[in-house]
Colleague: 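Let me give you the structure first, and then I'll get to my questions.
Values below: every heavy atom of this structure, side chains too, minus hydrogens, waters and symmetry copies. Proteins come first, then strands; the chains are lettered A, B, ... in the order of their sequence lines, and each starts at number 1.
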Number of protein chains: 2
Amino acid sequence: MGDAHHHKPQLAGLGELAARLRNCARRVTEPRREILRALRDGAHPMSPKQVHQALHDTCDLATVYRSLHMLEAAGMVKRFDLGDGVRRFELLGEGDDGHHHHLVCKRCDTVVEIDDCFTPALEQRIASRSGFAGVTHRLEFFGTCPACQTA
Amino acid sequence: MGDAHHHKPQLAGLGELAARLRNCARRVTEPRREILRALRDGAHPMSPKQVHQALHDTCDLATVYRSLHMLEAAGMVKRFDLGDGVRRFELLGEGDDGHHHHLVCKRCDTVVEIDDCFTPALEQRIASRSGFAGVTHRLEFFGTCPACQTA
DNA sequence: CTGCATCCTGCAAATCATTTGCATCTGGGA
DNA sequence: TCCCAGATGCAAATGATTTGCAGGATGCAG
């Protein structure tokens, strides 16, 4: 499988993840442990359904949704919306704000992480011109991956 | 109201819009005429529901969805996904490819158009580095608008 | 180690946005 | 004006996500 950018800081043990959970005054339950593991071991961003499948019906889909939301609020995962009607989630490393972008293949949905972000100068300019405050952005790239080009 | 970038090329008459529709071998029906009018007169991007409401139940919601898709395929409207689970549509001017971005207020959802796009150089670099072909991007900005800052 | 209040979970039903089947209707060329 | 492919209305189907509720498990207190 395509696996160019494996720079996950979260090759952290589940123990550490559990500790982070505990620090948020949240309980470390079996489903949550499994969900964190799935996110840690799985390919880049995973949808709730994918997480659920990876857990082999160990827990309910609703629990996956609830846990994912909780983890997002706790700053342990980040939600990405690639515009196809499905939310995807990625595990974040400690202190990682998760700001990065993706390059998605239009054909096979392979997702590659983009390390460098575009110049924040534009963000600044947009903020000052419009009068908006705290301007952030969401940026995703789309194209056809090498494999799908030949196929 | 915030109204920095009102540069709609589509101050076109409905007649012209109808002509464009006809050129696509599509029928000019009452619902479609109304939908085009709503998009032309309404604020920036509109969701199917908003369009439907603007039409005061003149036609079915399903028709709005079908028409919007048809218009998108015909290149007359463009779909934008701001990541809140609702698709929004904008009318495009003749020959306009609709490539521009938005600045959305996190509080009141006001949307301002951003005219300038960031450097396509990054797009190029990303393409060559990853081996992907036909790389495009989707970029949206979020912040707090002037009105909401004081409120 | 044990009890217990609290937080979680499973299950099922409810929402929401969007799509689709189907019978009926209509725009516009012949 | 006639006719039919293409449109529409209505209702039901989908798909993703959320929520109500009763029973279950976690982690602190004792």
Colleague: Would you mind telling me which of C:dT18, C:dT9, D:dG27 lies closest to the side-chain atoms of B:Arg87?
Modeller: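 Selected nucleotide: C:dT18.
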Colleague: Nearest to the side chain of A:Arg22, which nucleotide is it out of C:dT18, D:dG9, D:dG27?
Modeller: D:dG27
Colleague: My understanding is that only one of B:Leu17, B:Asp41, B:Val51, B:Val28 makes a side chain to side chain contact (heavy atoms under 4.5 Å, CB included) with B:Leu36; could you say which?
Modeller: B:Leu17
Colleague: Can you tell which of C:dT9, C:dT20, C:dT18 lies closest to the side chain of B:Tyr65?
Modeller: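 Nearest to the side-chain atoms of B:Tyr65, counting from C-beta on, is C:dT18.
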Colleague: For B:Glu30 and for B:Arg88, locate the closest nucleotide of DNA chain C by heavy-atom distance; then report the residue assigned to the nucleotide nearer the 5' terminus.
Modeller: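 Looking at DNA chain C, the more 5' nearest nucleotide goes with B:Arg88.
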Colleague: Output the rounded distance in Å from CG (B:Asp57) to C1' (D:dC10).
Modeller: 14 Å
Colleague: Nearest whole angstrom, please: distance from the C1' of D:dG24 to the CG of A:Asp60.
Modeller: 14 Å
Colleague: Answer yes or no: side-chain N or O of A:Arg27 and base N or O of C:dC8 forming a donor-acceptor pair under 3.5 Å.
Modeller: no
Colleague: Among the candidates C:dG28, D:dT17, D:dC10, find the nucleotide nearest to the side-chain atoms of B:Val28.
Modeller: C:dG28
Colleague: Starting at CG of B:Asp81 and ending at C1' of C:dT18, how long is that distance when rounded to a whole Å?
Modeller: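 Roughly 13 Å, once rounded to whole Å.
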Colleague: Roughly how far, to the nearest 0.5 Å, is OG of A:Ser67 from CD of A:Glu72?
Modeller: 12.5 Å
Colleague: Can you say whether the rings of B:His100 and B:Phe80 are parallel (under 30°), tilted (30 to 60°) or perpendicular (over 60°)?
Modeller: tilted
Colleague: Do A:Ile126 and A:Arg129 come close enough that some side-chain heavy atom pair is under 4.5 Å?
Modeller: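 Result no, sub-4.5 Å side-chain heavy-atom pair not found.
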Colleague: Phosphate oxygens OP1/OP2 of D:dA7: is one of them under 4.0 Å from a side-chain N or O of B:Ser67?
Modeller: no
Colleague: At less than 4.0 Å, is any side-chain N or O atom of B:Thr63 found next to OP1 or OP2 of D:dA7? Yes or no.
Modeller: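 Checking D:dA7 against B:Thr63, no side-chain N or O comes under 4.0 Å of OP1 or OP2.
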Colleague: Checking only heavy atoms, does the side chain of A:Arg66 share a donor-acceptor pair with the base of D:dG20 at less than 3.5 Å?
Modeller: yes
Colleague: Mind calculating the distance between CG (B:Leu61) and C1' (C:dT18) to the nearest angstrom?
Modeller: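 Taking atom C1' of C:dT18 as the reference, CG of B:Leu61 is at 9 Å.
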Colleague: Within this structure, what is the CG-to-P distance between A:Leu21 and D:dG27, rounded to whole angstrom?
Modeller: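 In whole Å, D:dG27 P lies 10 Å from A:Leu21 CG.
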Colleague: Let me know the distance between CD of B:Glu72 and C1' of C:dT18, rounded to the nearest Å.
Modeller: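 Interatomic distance, CD of B:Glu72 to C1' of C:dT18: 13 Å.
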Colleague: With a 4.0 Å cut-off on heavy atoms, is B:His52 in touch with a base, just the backbone sugar-phosphate, or nothing at all?
Modeller: nothing
Colleague: Between B:Arg138 and B:Asp81, which heavy-atom pair has the shortest distance, and what is it?
Modeller: NH1-O, 3.2 Å
Colleague: Answer yes if the ring centres of A:His137 and A:His101 are under 6.0 angstrom apart, and no otherwise.
Modeller: yes
Colleague: Atom CZ of B:Arg32 to atom C1' of D:dA7: distance rounded to whole Å?
Modeller: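 Result: 6 Å.
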Colleague: Is any side-chain nitrogen or oxygen of A:Lys49 closer than 4.0 Å to OP1 or OP2 of D:dG15?
Modeller: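 Checking D:dG15 against A:Lys49, no side-chain N or O comes under 4.0 Å of OP1 or OP2.
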Colleague: A:His69 has a side chain; which of D:dA7, D:dT17, D:dT18 sits nearest to it?
Modeller: D:dT18
Colleague: Report the nucleotide, chosen from C:dG10, D:dG9, C:dG28, that has the shortest atom-to-atom distance to any side-chain atom of A:Cys59.
Modeller: C:dG10
Colleague: For the pair made of CE in A:Met46 and C1' in D:dA16, what is the distance, rounded to whole Å?
Modeller: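 Interatomic distance, CE of A:Met46 to C1' of D:dA16: 17 Å.
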Colleague: When you match A:Pro31 and B:Val86 each to their closest nucleotide on DNA chain C, which lands nearer the 5' end?
Modeller: A:Pro31
